[in-house]
Amino acid sequence: MSIVFIEGGSMSKSKKWLALALAVALVLAVALTGCSAKTEEPTSEEPTETMTLETIESGKLLVGSDTAFPPFESMNGDVAEGFDVDLMKAIGDKLGLEVVFQTEIFDTLIPTLKAGGKFDVIASGMTIKPDRQLEIDFTDAYYDSNQSLVMTKGTAYTGPEQLAGKKIGVQSGTTGEAWAKENVEGATLVPFKNATDAFAALQAGNVDAVVNDLPVSTELLKDDDRGMEIVSQIPTGEQYGFGVSKDNPELTAAINKALGELRTDGTYNEIYQKWFGILPE
Ligand code: ARG
């Protein structure tokens with residue numbers, strides 16, 4: 001490339017400087033355009049976005065989850081199973097990563113993900129909430145949920161005022177706990193490590209009620225007569241999302257892309273039907 005601005009001595013000194021500056025700017029602009037054109041060149045036919053994931057090195061996508069929350073996640077021997085597990089595995093298939101579930105206490109999931117080094121994703125029936133979004137990123141929503149109030153079978157429940165002076169079991173750090181705090185006056189909240197412990201306490205008569213995500217209460221009280229029933233469905237309009245560190249936006253984007261594909265190719269519906277016995281609305 002040759003740029004000739006200076007012709008003989010016809011230019012004034014200041015004009016020469018201006019011409020020189022313009023020439024330098026032009027050369028820089030051409031060089032920069034050249035660079036960005038180079039990075040945009042596809043290096044192969046395959047999509048490249050998954051290659052930027054930190055986790056690709058190990059080939060494993062590590063997932064933190066409180067695996068006592070059927071039908072989303074529960075342990076069958078030492079194997080995790082459930083809707084979240086199958087969905088995460090299908091996402092892993094799309095990304096070429098092996099999905100490995102690790103059991104964690106629900107309440108510790110966000111701080112542990114934030115701290116880094118232990119797992120890459122939270123898949124734990126976790127509701128997308130503004131206060132949580134200050135700490136971590138969420139993928140697109142993958143399930144619509146509500147709360148439920150569970151009491152001893154036959155209880156005639158009339159409203160939250162009936163819970164004054166009672167003990168309410170909740171899972172620590174959940175939206176069920178938050179609902180009880182906001183909506184029930186004069187009750188004692190009893191926090192449990194997981195939902196199954198809260199139900200065991202209700203069955204044993206150590207608490208009077210449990211507030212918990214509706215689909216999980218439905219599943220836990222499904223076939224065995226445990227002397228408890230859902231006395232009220234609480235329409236909170238929650239949505240579950242997978243949690244990803246704010247330092248890893250490529251992973252969030254890659255999961256969202258995979259999730260979109262699973263919704264269109266029918267895999268999402270298949271997994272939904274497998275765990276809920278119906279198709280999503
Ligand atoms: N959806 C509720 C929340 O986000 C409860 C989730 C509990 N999940 C679990 N795996 N124990 O707070």
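All values derive from a computational prediction rather than experimental measurement. Keep in mind that the numbers below use all heavy atoms, side chains included, and drop hydrogens, waters and symmetry copies. Whatever order the structure lists ligands and atoms in, that order sets their numbers, starting from 1.
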Margin query: Strictly below 4.0 Å, N to O, side chains only: are E135 and R132 in salt-bridge contact?
Written below: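 No salt bridge links E135 with R132.
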Checklist line | T127 vs Y240, side chain to side chain donor-acceptor pair (under 3.5 Å): CA-CA, chis, key distance, verdict | finding: CA-CA 4 Å; T127 302; Y240 297 167; 5.5 Å; no
For [atom], the option (of [options]) bearing the nearest heavy atom:
atom                    : options          : answer
atom 3 (C) of ligand 1  : I122, T175, L214 : T175
atom 4 (O) of ligand 1  : R132, E238, K129 : R132
atom 11 (N) of ligand 1 : D66, T67, I128   : D66

Check: Closer than 4.0 angstrom: is that true for some heavy atom of A195 and an atom of ligand 1?
Finding: no
Closest protein heavy atom to [atom], given as residue, atom name and distance to 0.1 Å:
atom                   : value
atom 6 (C) of ligand 1 : G125 O, 3.2 Å
atom 8 (N) of ligand 1 : S124 O, 2.7 Å
atom 7 (C) of ligand 1 : F69 CZ, 3.3 Å

Provide the number and element of each atom of ligand 1 under 4.0 Å from a heavy atom of [X].
X    : value
Q171 : 7 (C), 11 (N)
F106 : 3 (C), 4 (O), 6 (C), 7 (C), 8 (N), 9 (C), 11 (N), 12 (O)
Y240 : 1 (N)
T174 : 5 (C), 12 (O)
E73  : 10 (N)

[Y] backbone acceptor or donor facing [X] side chain under 3.5 Å:
X    : Y    : value
N76  : V79  : no
S245 : D247 : yes
T218 : L214 : yes
T264 : G260 : yes

Notebook entry, point to check: Under 4.0 Å from ligand 1, counting heavy atoms only, is it the side chain of D213, its backbone, both or neither?
Noted result: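 Side chain only.
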Notebook entry, point to check: With backbone taken as N, CA, C and O and side chain as the heavy atoms from C-beta onward, which portion of F72 lies under 4.0 Å from ligand 1: side chain, backbone, both, or neither?
Noted result: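 The answer is neither.
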Next item on the list: Mind checking side chain to side chain donor-acceptor pair (under 3.5 Å) for D144 and listing every partner two or more places apart, or none if nothing turns up?
Entry: Q239
Notebook entry, point to check: Can you tell me if NZ on K246 sees more than 12 non-hydrogen neighbours from other groups inside 6.0 Å?
Noted result: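 Yes, NZ of K246 has more than 12 neighbouring heavy atoms, counting only those of other groups under 6.0 Å.
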Check: Between M126 and ligand 1, is there a nitrogen or oxygen pair with a distance under 3.5 Å?
Finding: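 Not met; the criterion fails.
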Notebook entry, point to check: Does one hydrophobic cluster hold both I105 and F72, with members joined at side-chain heavy-atom distances below 4.5 Å?
Noted result: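 No; tracing contacts between hydrophobic side chains, which count when under 4.5 Å, never links both residues.
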Item checked: Transitive ILVMFWY side-chain link F199 to W179, under 4.5 Å -> no
